[in-house]
Amino acid sequence: MYDIAVIGGGVVGAMIARTLARYDLKICILDKAHDVAMGASSANSAIVHAGFDAKEGSLKAKLNVRGSEMMADICRALGVKYKNNGSLVIGFDEGDRKTVEELCERGRANGVRGVRVIDQKELREMEPNISKNATCALWAPTGSIVCPYELTVAAVGNAMDNGAELFLDFEVTDIKCDATGYRVCSNNAQICAKYIINAAGLYSDAIARMVGDDSFTVHPRRGEYILLDKTCGALVKSTVFRTPSKMGKGILVSPTVDGNLLTGPTSFDIEDKTDRSTTAEGLSLVMKQAGENVEGVPYGKSITSFTGLRAVGSTGDFIINMPRAGFVNVAGIESPGLSASPAIAEYVTEMLRESGLALAEKADYIPTRAPLHAFREMSIEEKNEVIKKDPAYGHIVCRCEGVSEGEILAAIRQNPRPRDLDGVKRRTRAQMGRCQGGFCSPYIVELLANEMNVPYERVTKFGGDSLINVAKTKEVAR
Amino acid sequence: MKRNLTCIVCPMGCPMVAELEDGKVVAVTGNTCPRGKQYAIDECTNPMRTVTSTVRTACGGVVAVKTDRVIPKALVFEAMREIDRACVTLPVRIGDVVIEKLLGTDANVVITANLE
Amino acid sequence: MKQIDLVIVGGGPAGMSAAIAAYDSGVRDLLILERDSRLGGILQQCIHNGFGLHRFGEELTGPEYAWRYEQQVLEKKIPVLSDTMVLEITSDRVITATNSTDGVFRIKAKAIVLAMGCRERARGALNIAGTRPAGIYSAGTAQKYVNMKGYLPGKDVVILGSGDIGLIMARRMTLEGARVHAVCELMPYSGGLARNIEQCLNDFDIPLKLSHTVVEIHGKERLEGVTIARVDENRRPIADTREYIPCDTLLLSVGLIPENELSLGASVPLDRVTNGAVVDQDRQTAVEGIFAAGNVLHVHDLVDFVSEEAEIAGKSAAAYIRGELKSDCELPLATDGKIRYTVPQRITRGEDVKVYFRVADIYRNVRITVRDGERVIAQKKKARVAPGEMETLTLRADALADAKELFFSLEVQ
């Protein structure tokens, strides 16, 4: 019997599990996918928003600002990248200027520090590549960037280091309630828990309905992105937004913590929660709008495009409540979900404490996690010390991103262990470079096959039917 | 009857025309070398191909092989099946014979890469 | 820090050829750095034949061609460090590299030959809409799975790109038991050799769809199909020509890009058309003592020309080390656009120079003229030229004397 079952291994579920793992509780994380961070957590803008966007008094606003304050320390503790590069919301006319000023007011009301409106001259000095037609901007110095899947993996890993268990390929099909707590069932397994945290993203409405709560729905809103080569990563320094519309914050142009340039997302409501496709129209729109905000975005240097689906709740705000004893909804976590995630975890912990859950601090709690990318930051002498002990660190596998075999093996062996190519990619950046795995994938497949002790042809891209190879040659009927 | 052909003997890929009468080639134009002319004749009467492929090694990998001369085009897929059935033990050197007289032709299947 | 006279980055056909030429010119303190576990470069996985007709008068497979050079490297005992990745090259010729045995180390070289080859353009660079399932590979990666590892990436294939790699893989996949449904080509002509259209497509009745491209990818976990469409004269998809082809594998043969990340780090100026270094007749880049040859300089069709070019680089690097590489002029080469580029892009010594060039489109009955101002320096007539076939033209020393700037133009007669 678990004390807590967290349904959903995205950044929200991960943060909640990690925060609760410091207490003497038996925790498990359940996710239907082959790895954690398979939903919106690996396909978003990667921004830690300053917090001026959300309506004053809303949970979004409160938790965004609090999360933004917490994020630097959390990233340091979890050993993941964080950069405080600031945010700009640019405007082109009088109407935009009004909006920018409103955002500034709202920011101040929400408790965001340092927001102010800047004029064209200061804007051009800050960001010479921003469109010459931009006349004003909101400058929010607390805006930052992180790597959302790196953060999710590290939070799950730290939770596991502190005793939490992870069950992947666990799709919750039913939840039964009785006197002792909950029985969470999949097609071929079940776990029992006293408390359930419903952090199931797009499917959090279905999970809530399983315990009789049909007070909200969640629908998918598609956001398409185009990522550009690291040689374009310095086109802008801060994260550049345009003034927002009803559908969201609009298309941004931003450096990523790894030095790429990210553009997008579009904002388009769809029906199918499993539709992760990009569209020709969406990608064109990204290119067009990014080009309106920043001059000379070199789309000839695109390296990939992808879609993320926002989990939009029907109430307009985050849905964090306890519809029945022991069951916490953490639903409708669209933007600013990533930014708010540490604060959401803090808020949920308080909710649980108030509901009577005993929170006794663990004596042997491990609050930190060693950075996976430490090797890359080392001096040559330090690297050679490592290589002497483990020669695999001297063998570079991913040429584009400079990732060694030692780092890949370390990632495969560390909780939460990846079991497919995309999992290795998200943890190490191998396959994320210009050639997108063209050079290194055949070798990474070999490393995974060896580590997991499975045949080479059973290795997948991201689990399920996503096999990389379908057969051994010489064994195919003609 | 005239037939248009692209020569495959060398990377030049000369476009040729073969004139046929009663199923026999009576003239070839467009070739820039004698091998091309022979190709045109063969292609119209008895097309031949070189097969390049890989063969299994005993330790589970593969190594490159080829037929050391052209074989009838019609036998290519059967040749692949024959090669599928073969297995070599390492080390192998370029020129080692894997299959002698493939499918009754004069062609041997030989190793084309050194592998330890 | 170790000092070595000549370091060659890359042990494929270009690197081996350059090393052997430098050795034959007297260099004994040299080292080849190769990231793979053996020499040969991309030739190892090119198990088809078609290599060496010019060089050796015979048709060899890739590994057999590579062996001709590897043999000489072994016989001459030219030092090689394999499984070694170069991480950085500076403009003052300090190389940082790493391997499992030596860790991270530095070498100061008197001369460097860049021979890193090229990489394939990936799907992400094309921004093809749709999902991101397994089953999409660049043709070269699929070739590696089949020919080096012994695995079949898929059974029902569509290929985008009719360059030689795409055509060769159409045949290879078919021979290994897959079904290739179509080869789509964006342009109205194929970029590959006519012989490959014949022996790779026509032999197996694989349709070649010119002026077509893939506009959407379908499939949740593994590819399920692609939507293709015809394109107009601006290469834009025509909406009502969309056609769905069920398949589980998409191979992309959509461009090769010289691998010049290291060169950029050494401040080597690149040519925007070739994406390789700007070089002179010695294949020396604008950074003194750094030479380039092979696919890293410009993408070749025939490995025979790679070897020829790399010999020039190796010989020149040797002369440079001896202090004997002289320059006595500075002659830039420019082109009219119908000729896309020339290698070399500049001439720095008045002697016979064999210039390699590529054209922008298929032209028939052409006359290529090289002028210095009004004066005609050289001319060549050809019945047919195509973008996929590199051409050459030799400029004579006496014609180059007193020339100021060379202009290459193409006229259709």
Side-chain angles (χ1 to χ4, degrees), chain A residues 226-227 231 274-283 287 299-307 380 383-384 387-388 391-396 399-400 402 404-405 421 434-439 441-442 445-446 456-457 460-474 476-478, chain C residues 35 83-87 96-106 119-135 137-138 140-141 144-155 175-178 215-222 237 248-249 252 257 259 261 264:
Chain A
I226 300 177
L227 185 74
T231 51
T274 65
D275 180 5
R276 297 290 300 268
S277 58
T278 55
T279 64
E281 304 76 31
L283 297 178
M287 289 191 248
Y299 278 105
K301 297 224 165 98
S302 300
I303 52 177
T304 193
S305 47
F306 57 90
T307 282
I380 290 186
K383 280 187 174 153
N384 283 333
I387 293 168
K388 235 188 289 248
Y393 279 87
H395 177 223
I396 300 287
R399 159 206 64 206
C400 300
S404 68
E405 180 170 335
L421 280 186
R434 279 170 204 109
C435 86
Q436 293 284 292
F439 173 66
S441 315
V445 170
E446 191 174 312
Y456 191 93
E457 67 274 26
T460 63
K461 189 170 190 291
F462 50 83
D465 290 329
S466 68
L467 291 167
I468 299 295
N469 288 287
V470 299
K472 278 177 109 130
T473 56
K474 315 299 152 191
V476 181
R478 283 185 193 66
Chain C
R35 70 180 176 211
D83 289 304
T84 301
M85 183 74 78
V86 173
L87 301 172
T96 307
T98 176
N99 63 38
S100 305
T101 326
D102 308 303
V104 184
F105 58 94
R106 288 210 161 111
R119 67 179 143 83
E120 296 178 280
R121 183 171 277 123
R123 172 213 179 156
L126 304 181
N127 283 325
I128 303 178
T131 53
R132 299 163 87 208
Y137 315 85
S138 60
T141 305
K144 192 163 192 174
Y145 278 120
V146 178
N147 294 342
M148 304 300 287
K149 302 286 185 191
Y151 293 92
L152 195 64
K155 295 224 177 94
L175 288 179
E176 287 294 347
V215 293
E216 197 175 343
I217 288 170
H218 310 266
K220 290 245 147 71
E221 294 176 350
R222 176 83 195 195
D248 70 0
T249 310
L252 302 171
I257 303 162
E259 191 81 67
E261 277 67 32
L264 287 171

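Protein chains get the first letters and strands the later ones, always in sequence-line order, with residue 1 at the start of each.
Using a 4.5 Å cut-off on side-chain heavy atoms (C-beta onward), A:Ile468 and C:Tyr137 make contact. With contacts defined as side-chain heavy-atom distances shorter than 4.5 Å, the pair A:Arg276/C:Arg132 does not qualify. Residues A:Thr231 and C:Leu264 have side chains not in contact (no heavy-atom distance under 4.5 Å, counting atoms from C-beta outward).
A:Asp465 touches chain C through backbone and side chain together, each having a heavy atom under 4.5 Å away. Contact of A:Ile303 with chain C is made through the backbone alone, with heavy-atom distances under 4.5 Å. Using a 4.5 Å cut-off between heavy atoms, A:Leu283 touches chain C through its side chain atoms alone. Residue C:Pro153 touches chain A through both its backbone and its side chain, counting heavy-atom pairs closer than 4.5 Å. At a 4.5 Å heavy-atom cutoff, A:Thr460 makes no contact with chain C through either its backbone or its side chain. Within the 4.5 angstrom heavy-atom criterion, atoms from both the backbone and the side chain of A:Ser441 approach chain C. C:Ala134 touches chain A through backbone and side chain together, each having a heavy atom under 4.5 Å away. Of the two parts of A:Glu281, neither the backbone nor the side chain holds a non-hydrogen atom closer than 4.5 Å to a non-hydrogen atom of chain C. Heavy atoms closer than 4.5 Å to chain A are found in both the backbone and the side chain of C:Lys155.
Rounding to the nearest 0.5 Å places CD of C:Glu120 at 13.0 Å from CD of A:Gln436. Taking CZ from C:Arg123 and OG1 from A:Thr304, the interatomic distance works out to 7.0 Å, rounded to the nearest 0.5 Å. Here CZ of A:Arg399 is found 3.5 Å from CD of C:Glu259. Values are rounded to the nearest 0.5 Å.
Annotation for A:Cys435 and C:Ala122: closest pair O-CB, 4.0 Å, computed over non-hydrogen atoms. When every heavy atom of A:Ala280 is checked against every heavy atom of C:Ala129, the shortest pair comes out as N-CB, 3.4 Å. Between A:Thr473 and C:Leu152, the shortest heavy-atom contact is CG2-N, 3.9 Å. C:Glu176 approaches A:Val476 most closely through the heavy-atom pair O-CB, 3.7 Å.
The candidate with the highest count of non-hydrogen atom pairs below 4.5 Å against chain A, out of C:Lys149, C:Lys144, C:Met148, C:Arg121, is C:Lys149. If you tally non-hydrogen atom pairs under 4.5 Å between each of C:Ile217, C:Thr131, C:Val104 and chain A, the highest count goes to C:Val104. In terms of non-hydrogen atom pairs under 4.5 Å with chain C, the most contact-rich of A:Lys383, A:Glu457, A:Met287 is A:Glu457. With chain A as partner, the option from C:Gly140, C:Gly154, C:Ala178 having the largest number of non-hydrogen pairs under 4.5 angstrom is C:Gly154. When C:Gly150, C:Gly130, C:Gly135 are compared by the number of non-hydrogen pairs under 4.5 Å with chain A, C:Gly130 comes out ahead. Across A:Lys472, A:Lys388, A:Glu405, the residue that shares the most heavy-atom pairs under 4.5 angstrom with chain C is A:Lys472.
Counting only distance, with no hydrogens or angles, the side chain of C:Ser100 and the backbone of A:Ala392 share no donor-acceptor pair below 3.5 Å.
A:Arg434 and C:Glu261 are joined by a salt bridge, as a carboxylate oxygen and a charged side-chain nitrogen come within less than 4.0 angstrom of each other.
In this structure, A:Tyr456 and C:Tyr145 have perpendicular ring planes: the angle between them is above 60°, well past the 30° mark.
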**Q.** Working for side-chain contact (heavy atoms from CB on, under 4.5 Å), residues C:Thr249 and A:Val470
**A.** CA-CA 10 Å; C:Thr249 310; A:Val470 299; 5.9 Å; no
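Evaluation of the ring-ring contact (aromatic ring centres under 6.0 Å, His included) rule for A:Phe439 yields no partner, not counting sequence neighbours. With sequence neighbours excluded, the residues that form a side chain to side chain contact (heavy atoms under 4.5 Å, CB included) with C:His218 are C:Glu216, C:Thr227, C:Tyr244.
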